[in-house]
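Here the structure is laid out as structure tokens; the discussion comes afterwards.
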There are 2 protein chains.
Amino acid sequence: MANQMTEMLKGTLEGIVLSILAERPAYGYEITARLREQGFADLVEGTVYALLVRIEQRGFVDVQKVPSEKGPPRKVYSVNAQGRDQLEEFWRTWSFLAERIEQLHRERN
Amino acid sequence: MANQMTEMLKGTLEGIVLSILAERPAYGYEITARLREQGFADLVEGTVYALLVRIEQRGFVDVQKVPSEKGPPRKVYSVNAQGRDQLEEFWRTWSFLAERIEQLHRERN
DNA sequence: CGTCGTACTTGGTGTTGCTATCTACCGGTA
DNA sequence: TACCGGTAGATAGCAACACCAAGTACGACG
């Protein structure tokens, strides 16, 4: 993955995944696949799985094991109340940062 | 510093500083002060100095020592051609990411 | 039985921002 | 003189996070 994107994903990927889960519950393999389709072509599975473990341990998501026809059982994640709070916090932080960066972008020559 | 902002700065702070230097050359203490005024209140000096060392070693900036009336000599940094390339790359990466995140933002309920 | 696609796990690495502390220079003040 | 605060920079150690690499597990299909 391009180094710059790798570094930029730190701190944003969690928000991205929480946001995806806020739309509707999903499991790791599915999330990875969707993100790859949406342009994050080089995103590696291990990253997403590790992130899911993290946000579960922090109590932002609930997990449900669902049997799959095509492989091992899926771990379907859904955001809970605490996760929604975290997501709101993410949007606040993002908005602040994006605003300042966009301002620098406009000021560039 | 809020944890979320800390993580989000990874990967963006370099672009922010390069962007500031692209407007006009500056030195570390000044850059830290300006960023703090602009809302990055908890940004620590050490972070900026370390970043400046990094981008100098990567050849993105040129340095000039300038005596100060109020303290030790300043190290004034200015972006060079390679730095401008890096900055362009930063804007491309940022635009891509921001677009996708804003889309998730709009889709939220 | 071997392979492919699905699905998840994990140990190690590199980058990066933060914490904390240090040095250095100057002016004002007790 | 001695001390303090503001200016200016450096750095060792830490934590978080994305990546890399390799592994396990399950079912279907040839």
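The analysis underlying the following values was restricted to heavy atoms, covering all of them including side chains, and did not include hydrogens, waters or symmetry mates. Every chain is numbered from 1, with letters handed out A, B, ... down the list of sequences.
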Would you mind reading off the distance between [X] atom [atom1] and [N] atom [atom2], rounded to a whole angstrom?
{"X": "B:Tyr77", "N": "D:dA8", "atom1": "OH", "atom2": "C1'", "result": "11 Å"}
{"X": "A:Leu52", "N": "C:dT10", "atom1": "CG", "atom2": "C1'", "result": "15 Å"}
{"X": "B:Glu45", "N": "C:dA20", "atom1": "CD", "atom2": "P", "result": "15 Å"}
{"X": "B:Lys75", "N": "C:dA24", "atom1": "NZ", "atom2": "C1'", "result": "14 Å"}
{"X": "A:Arg36", "N": "D:dA18", "atom1": "CZ", "atom2": "C1'", "result": "13 Å"}
{"X": "B:Gln64", "N": "D:dA8", "atom1": "CD", "atom2": "C1'", "result": "17 Å"}
{"X": "A:Glu69", "N": "D:dC26", "atom1": "CD", "atom2": "C1'", "result": "13 Å"}
{"X": "A:Leu43", "N": "D:dC17", "atom1": "CG", "atom2": "P", "result": "15 Å"}

Next on the checklist: Filter on salt bridge (Lys or Arg N to Asp or Glu O under 4.0 Å), then keep only pairs touching residues 26-40 of chain A, sequence neighbours left out; what's left?
Outcome noted: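 Applying salt bridge (Lys or Arg N to Asp or Glu O under 4.0 Å) to every pair that reaches into residues 26-40 of chain A, excluding sequence neighbours, yields A:Glu30-A:Arg34.
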Checklist entry - Counting side-chain heavy atoms from CB outward, which of D:dG9, C:dT9, C:dG17 is closest to B:Tyr49? => result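 Of D:dG9, C:dT9, C:dG17, D:dG9 is nearest to the side chain of B:Tyr49.
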Checklist entry - Any idea which of D:dA10, C:dG17, D:dC19 is nearest the A:Leu9 side chain? => result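 The listed nucleotide nearest to A:Leu9's side chain is D:dC19.
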Could you pull out the protein-nucleic contacts involving nucleotides 11-14 of chain C (nitrogen or oxygen on both sides, under 3.5 Å)?
residue: C:dG14; atom: N2; partner: A:Lys10; partner atom: NZ; Å: 3.2

Checklist entry - How far does the helix from C:dC1-D:dG30 to C:dA30-D:dT1 bend, going by the axes of its first and last five pairs, to the nearest 10°? => result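 Comparing the axis at each end, I get an angle of 20°.
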Evaluate the side-chain proximity of [Y] to [X]: yes if any heavy-atom separation is below 4.5 Å, no if none is.
{"X": "A:Thr6", "Y": "A:Asp42", "answer": "no"}
{"X": "A:Val17", "Y": "A:Leu52", "answer": "yes"}
{"X": "B:Glu88", "Y": "B:Asp85", "answer": "no"}
{"X": "B:Arg106", "Y": "B:Gln103", "answer": "yes"}
{"X": "B:Ile20", "Y": "A:Leu104", "answer": "yes"}
{"X": "B:Ile16", "Y": "A:Leu97", "answer": "yes"}
{"X": "B:Leu18", "Y": "B:Phe90", "answer": "no"}

Next on the checklist: Holding to salt bridge (Lys or Arg N to Asp or Glu O under 4.0 Å), I want the full list of residues that pass it with B:Arg58, two or more places apart in sequence or in another chain.
Outcome noted: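 In terms of salt bridge (Lys or Arg N to Asp or Glu O under 4.0 Å), with neighbours along the sequence ignored, B:Arg58 is linked to B:Glu14.
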Provide a list of protein-nucleic acid N or O atom pairs under 3.5 angstrom, restricted to nucleotides 3-6 of chain C.
residue: C:dG5; atom: N2; partner: A:Lys70; partner atom: O; Å: 3.2
residue: C:dT6; atom: OP2; partner: A:Tyr29; partner atom: OH; Å: 3.1

Checklist entry - B:Arg92: what forms a side-chain hydrogen bond (donor to acceptor under 3.5 Å, both in side chains) with it, not counting sequence neighbours? => result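 For B:Arg92 the side-chain hydrogen bond (donor to acceptor under 3.5 Å, both in side chains) partners, ignoring immediate neighbours, are B:Glu89.
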Next on the checklist: According to side-chain hydrogen bond (donor to acceptor under 3.5 Å, both in side chains), who are the partners of B:Arg100, at least two apart in sequence or on a separate chain?
Outcome noted: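 Testing B:Arg100 for side-chain hydrogen bond (donor to acceptor under 3.5 Å, both in side chains), a comparison that skips the adjacent residues, returns none.
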Item to check | Residue pair A:Ile55 / A:Leu21: nearest heavy atoms and the distance that separates them | outcome: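 Reported closest heavy-atom pair: CD1-CD1, 4.4 Å.
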Checklist entry - Applying side-chain hydrogen bond (donor to acceptor under 3.5 Å, both in side chains), which residue pairs with at least one partner in residues 63-78 of chain B are found, sequence neighbours left out? => result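 Listed by first then second residue: B:Tyr27-B:Arg74.
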Checklist entry - If you find the nucleotide of DNA chain C closest to B:Gly46 and the one closest to A:Glu30, which residue's nucleotide is nearer the 5' end? => result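 Between the two, 5'-proximity favours A:Glu30.
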Item to check | Partner set under side chain to side chain contact (heavy atoms under 4.5 Å, CB included) for A:Lys10, not counting sequence neighbours | outcome: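 Expected list: A:Glu7, B:Glu7, B:Lys10.
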Next on the checklist: Taking side chain to side chain contact (heavy atoms under 4.5 Å, CB included) as the definition, give me every residue that meets it alongside B:Asn80, ordered by chain and number, with sequence neighbours left out.
Outcome noted: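 For B:Asn80, the residues satisfying side chain to side chain contact (heavy atoms under 4.5 Å, CB included) (neighbours in sequence not counted) are B:Asp62, B:Gln82.
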Next on the checklist: Heavy atoms within less than 4.0 Å of DNA chain D: which residues of residues 11-18 of chain A have one? Give them sorted by number.
Outcome noted: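 Hits under 4.0 Å, by residue number: A:Gly11, A:Leu13.
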Checklist entry - So what does A:Gly28 hit on the nucleic acid, given a heavy-atom distance under 4.0 Å: a base, only sugar-phosphate, or nothing? => result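 Touches sugar-phosphate only.
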Checklist entry - How are the rings of B:Phe96 and A:Phe40 set relative to one another: parallel (under 30°), tilted (30 to 60°) or perpendicular (over 60°)? => result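 Correct class here is perpendicular.
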Next on the checklist: Any donor-acceptor pair under 3.5 Å linking the side-chain atoms of B:Trp94 with those of A:Glu102?
Outcome noted: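 On atom types as modelled, these side chains qualify, holding a pair under 3.5 Å.
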Item to check | Nucleic acid contacts - residues 53-63 of chain B versus DNA chain C, non-hydrogen atoms under 4.0 Å | outcome: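 When residues 53-63 of chain B is checked for heavy atoms under 4.0 Å from DNA chain C, the hits, listed by number, are B:Arg54, B:Arg58.
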